[in-house]
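First comes the structure, then the notes that go with it.
Both ligands and their constituent atoms are indexed starting at 1 by order of listing.
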Amino acid sequence: MRTGGRAAVLAGVIMTVAAVATGCGGSVSESGGGDAKQLVLIPGVANEPFYISMQCGAQQEAEKLGYSLDTQAPTQFDAAQQTPIVTGVIATKPGAILIAPTHAQAMASPIKQAKAAGIQVIEVDTALEDTSVAASSIASDNVKGGELAAQTLAQLVGDKGSVLVINTKAGTSTTDQRAQGFEDELKKNHPGMTSLGVQYNNNEAAQAASIVTATLAAHPDLAGIFATNLSSAEGAATGLRNAGKLGQVKVVGFDASPKQVEDLKSGTVQALIAQNPADIGRQGVAQAAAVLEGKPATRTIRTGMIALTQENMGTNEQYFYKNDC
Ligand code: T6T
């Protein structure tokens, strides 16, 4: 990111927290014999820096507001694994669950069961397609994030050439929106760039690396990659390293895990769209507390993002995700 033009676009990327208040009223919790002061966070997957950072923020806020927070996560980002966790949590009757649904449709049924059992539902990061279930949803503006990724990649490749999108799993609300925002921005404002389309890595970094290898074999002139999340970006870096194409093919990745930050520092990837998962967790707990205390909830909350580059990463360390609190 050395030219004035690049810096100018990237300077304007910090999106401040914007709450879209709809004034949805909450009711005092009746958790049917359970503990209304107990909250359960159900992330998309265990041991992953994005969700660990979210948990750290949620934990801090829960302590501040006088709630207990338990976290139960599936070992894979998979609705079949997340469903029994939700079912088990329903039996313990907490006041609220804060959940990152691993699939916009497949998780609707268990989450509706939680709501029917009198448990308040707050969506953190991902969301169900059915917007009638959750009292509040807190996430980055993922369409905007995809657009920002397209603008950033366009600058890196000189606004021309073939680019690839590596997505995680179809049906993940956030990454689908990022891919959509990216593709729409290319069509609208970057006619010199051609998208080779979206390929899915099943949220496995190794699969993202294989996708890069296969794409380079078919398209040796590949100019850039948009990797829609942590696993895609970590894997894309490995794929390019294996193919000896580091630096030649430009990468814009979503998220900022410790490994991704290392990849940015070493120039393996050129930009990272970092989210603010701790803020998602904090605001998720605040919304849960509001509905449990009969105060109005904010139906949709958008948290901040920033495009990190080698140039600005030194002054934006607060955006790096954590492996522990
Ligand atoms: O990108 C985040 C999250 O926003 C997305 O919904 C799923 O993947 C991550 O957790 C990163 O792995």
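Counting the atoms of ligand 1 from 1 in the order shown, those under 4.0 Å from a heavy atom of D255 are 1 (O), 2 (C), 9 (C), 11 (C). Distances below 4.0 Å separate heavy atoms of T126 from the following atoms of ligand 1: 6 (O). Here is the list of ligand 1 atoms found below 4.0 Å of a heavy atom in Q275: 1 (O), 2 (C), 3 (C), 4 (O).
In summary, the side chains of S137 and R299 do present a donor paired with an acceptor at a separation below 3.5 Å, with no hydrogens or angles considered. A side-chain N or O of N167 and one of T228 form a donor-acceptor pair less than 3.5 Å apart. The closest side-chain donor-acceptor pair between T303 and Q275, if any, does not fall under 3.5 angstrom. Using modelled atom types and a 3.5 Å distance limit, the side chains of D70 and Q72 yield a donor-acceptor pair. Remark: the Y319 side chain and the N276 side chain contain no N/O donor-acceptor pair separated by less than 3.5 Å.
On a distance-only criterion, T174 and ligand 1 share at least one N/O pair closer than 3.5 Å. In terms of polar-atom proximity, defined here as any N/O pair under 3.5 Å, T228 makes no such contact with ligand 1.
Ligand 1 lies less than 4.0 angstrom from a heavy atom belonging to R178.
At the shortest separation from atom 12 (O) of ligand 1 among protein heavy atoms lies E48 OE2, 2.4 Å.
The closest heavy-atom contact to atom 6 (O) of ligand 1, among the options D125, I280, N229, V45, comes from D125.
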> Going through the distances and angles, do K259 and E262 end up as a salt bridge (charged side-chain N to carboxylate O under 4.0 Å, His left out)?
Replying inline: CA-CA 5 Å; K259 177 177 185 305; E262 275 312 306; over 6 Å; no
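By the criterion of a heavy-atom distance under 4.0 Å, the side chain of Y51, and not its backbone, is placed next to ligand 1.
Cation-pi geometry between R178 and F254 is met: under 6.0 angstrom from the ring centre, within 45 degrees of the axis.
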